Amino acid sequence: MEKLSNPSKTREIIEKYGFDFRKRFGQNFLVDTHVLERIIEAAQITEEDLVIEIGPGIGTLTQYLAEAAAKVVSIEIDRNLIPILEETLAGYDNVTVINQDVLKTDLNEIIREYGRRKEGGSGQSAEISDRRILCQDPADTGQETVSLRPVRIVANLPYYITTPILMGLFEKHIPAKSITVMVQKEVADRMQAEAGTKDYGSLSLAVQYYSRPHVEVEVPPRSFMPRPKVSSSVISLDIYETPPVKVEDEELFRNIVRAAFSQRRKTLVNALGNAALLSFSKEQVAAALKALGLPETIRGEVLTLEQFAALANRLGQETGR
Ligand code: SAM
């Protein structure tokens, strides 16, 4: 079928199905061939890869992904889009659409289910699935010996849940090689921000603990239908096999970072010493900072990733966590 990246084709499909864009689902569909090609280039997909796409919309990016990857699994919350995807993806035998909320989807299970290398193709058209529980392979003895495809996550993300989606991918240790996503420009800036800058915060630290981020391209509102009010950026996150700093207890590390930035203007001693998420006294925090050679008056916004990791490890040791 003709590519959907052509705006008049997108309009034709929308009108044919009487589709109403839903703001609450962050529906801004890409209608810019150049941007779609840049996303595919940035994602470095090979024909060995399993790509997980979050929010296929009418399938515009999905078509490009299906041409580059071995297998694409696209997760879409809006059931009104499912009949449209049946039509737009009918020519691709390597796409499965799951009608589900990505925040309630077990992506590790999807990888186990769809990431196995298989010989040959099924020759069928795109499979549309709304299964809540994915089938277990009857031959699966629980001892995985099959090899899994490299996984890449690619999406034009719904902006209202960018942070929970990314945090979920990190915290659940989804074994992806890379994440290439369209996000609001200011969110991409926060992901790359360095200590001491105004954009630096818990998202910067989470992203930089798990991956090496780099902005690929800035995207103006006119590349979408309907046009969003904000500018966007495509950012690639190359996931580290081993994080760049050693953290003994990731949950404690996350809670310390969260507490430090929830009261950004406070000193770390006050922010961590008062935090409901933690159980440290101000004296313990002050002693840990002193042991690390940091002043008692320091604020979280100037601490680097290495320093946050060292602080979390130190506080964890003191309380025997
Ligand atoms: N990929 C398409 C494109 O580039 O044209 C659409 C991108 S649009 C910005 C975001 C898509 O995510 C929409 O199709 C929306 O319905 C879907 N979406 C929103 N919230 C979702 C959720 N919680 N789980 C899965 N999909 C979601």
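Worth knowing before you read on, the calculation uses all heavy atoms, side chains too, and leaves out hydrogens, waters and symmetry mates. This chain uses plain numbering: 1 for the first residue, then up along the sequence. Indexing begins at 1, ligand by ligand and atom by atom, following the structure's order. Bear in mind that the values here come from a model prediction, so they are computed numbers and not experimental data.
- The number of heavy atoms from other shown groups lying within 6.0 Å of CZ (Arg212) does not exceed 12.
- Heavy atoms of Pro56 found under 4.0 angstrom from ligand 1 belong exclusively to the backbone.
- In terms of protein heavy-atom proximity, atom 5 (O) of ligand 1 is nearest to Leu30 N, 2.8 Å.
- For ligand 1 and Gln100, the ligand atoms under 4.0 Å from any heavy atom of the residue are 24 (N), 25 (C).
- Taking every heavy atom of Glu53 and a limit of under 4.0 angstrom, the matching atoms of ligand 1 come to 1 (N).
- If you look at Tyr209 and Phe253, their ring centroids are closer than 6.0 Å.
- Taking every heavy atom of Leu157 and a limit of under 4.0 angstrom, the matching atoms of ligand 1 come to 9 (C).
- Looking only at protein heavy atoms, the nearest one to atom 8 (S) of ligand 1 is Gly26 O, 3.5 Å.
- For atom 12 (O) of ligand 1, the closest heavy atom belonging to the protein is Gly55 CA, 3.2 Å.
- Distances shorter than 4.0 angstrom do not occur between any heavy atom of Ile165 and any atom of ligand 1.
- A salt bridge is defined here as a Lys NZ or Arg NE, NH1 or NH2 lying under 4.0 Å from an Asp or Glu carboxylate O, and Arg254 with Glu251 fails to meet this definition.
- Those atoms of ligand 1 that come under 4.0 Å of a heavy atom in Ile75, given as number and element, are 25 (C), 26 (N).
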Tabulate below the donor-acceptor pairs under 3.5 Å that side-chain atoms of residues 290-301 make, not counting sequence neighbours, or state none.
from   : atom 1 : to     : atom 2 : distance (Å)
Arg299 : NE     : Arg265 : O      : 3.0
Glu301 : OE1    : Arg264 : NE     : 3.3
Glu301 : OE2    : Arg265 : NH1    : 3.1

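- Close N/O approach between Gln27 and ligand 1 is found [any backbone or side-chain N/O within under 3.5 Å].
- The closest protein non-hydrogen atom to atom 20 (N) of ligand 1 is Tyr160 OH, 2.8 Å.
- Residue Leu103 places no N or O, backbone or side chain, under 3.5 Å from any N or O of ligand 1.
- For Glu216 (side chain) and Arg38 (main-chain N/O), no donor-acceptor pair under 3.5 Å exists by modelled atom type.
- Residue contact annotation: Asn28 has a non-hydrogen atom under 4.0 Å from ligand 1.
- Within ligand 1, the atoms closer than 4.0 Å to a non-hydrogen atom of Asp101 are 22 (C), 23 (N), 24 (N), numbered from 1 in the order shown.
- Between Arg152 and Asp49, at least one side-chain nitrogen of the basic residue sits less than 4.0 Å from a carboxylate oxygen of the acidic one, meeting the salt-bridge criterion.
- Residues Glu171 and Arg258 are paired through a salt bridge, judged by an N-O separation under 4.0 Å between the basic side chain and the carboxylate.
- Side-chain contact between Pro164 and Leu103: present, with at least one pair of heavy atoms (C-beta onward) separated by less than 4.5 Å.
- The protein heavy atom nearest to atom 14 (O) of ligand 1 is Glu76 OE1, 2.7 Å.
- Taking distance alone, with nitrogen or oxygen atoms compared against 3.5 Å, Leu81 stays at or beyond that limit from ligand 1.
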Gln27 and Asp78: CA distance, side-chain angles, deciding distance, side-chain hydrogen bond (donor to acceptor under 3.5 Å, both in side chains) verdict: CA-CA 10 Å; Gln27 292 175 337; Asp78 186 351; 2.9 Å; yes
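- Note: no N/O pair closer than 3.5 Å links Leu61 and ligand 1 by distance alone.
- Residue, atom and distance of the protein heavy atom nearest to atom 21 (C) of ligand 1 are Ile77 CG2, 3.5 Å.
- A salt bridge between Lys177 and Asp238 is absent, with no side-chain N of the basic residue lying under 4.0 Å from a carboxylate O of the acidic one.
- Nearest protein heavy-atom contact of atom 24 (N) of ligand 1 is Val102 N, 2.9 Å.
- Not one N or O of Ile161 is nearer than 3.5 Å to an N or O of ligand 1, by distance alone.
- Residues forming a ring pair (Phe, Tyr, Trp, His ring centres under 6.0 Å) with Tyr210 (at least two apart in sequence, or on another chain): Phe170, His173.
- Cation-pi geometry between Lys3 and Tyr64 is met: under 6.0 angstrom from the ring centre, within 45 degrees of the axis.
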Audit row: Leu30, Ile39, side-chain contact (heavy atoms from CB on, under 4.5 Å) steps and yes/no: CA-CA 11 Å; Leu30 267 168; Ile39 295 175; 3.8 Å; yes
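- Looking from atom 4 (O) of ligand 1 to the surrounding protein, the closest heavy atom is Asn156 ND2, 2.9 Å.
- Results of the side-chain contact (heavy atoms from CB on, under 4.5 Å) test with Val72 over Leu61, Ile45, Leu65 single out Leu65 as the only residue that passes.
- Between Asp78 and ligand 1, a contact under 3.5 Å exists for no N or O pair.
- For Arg22, no heavy-atom contact with ligand 1 is shorter than 4.0 Å.
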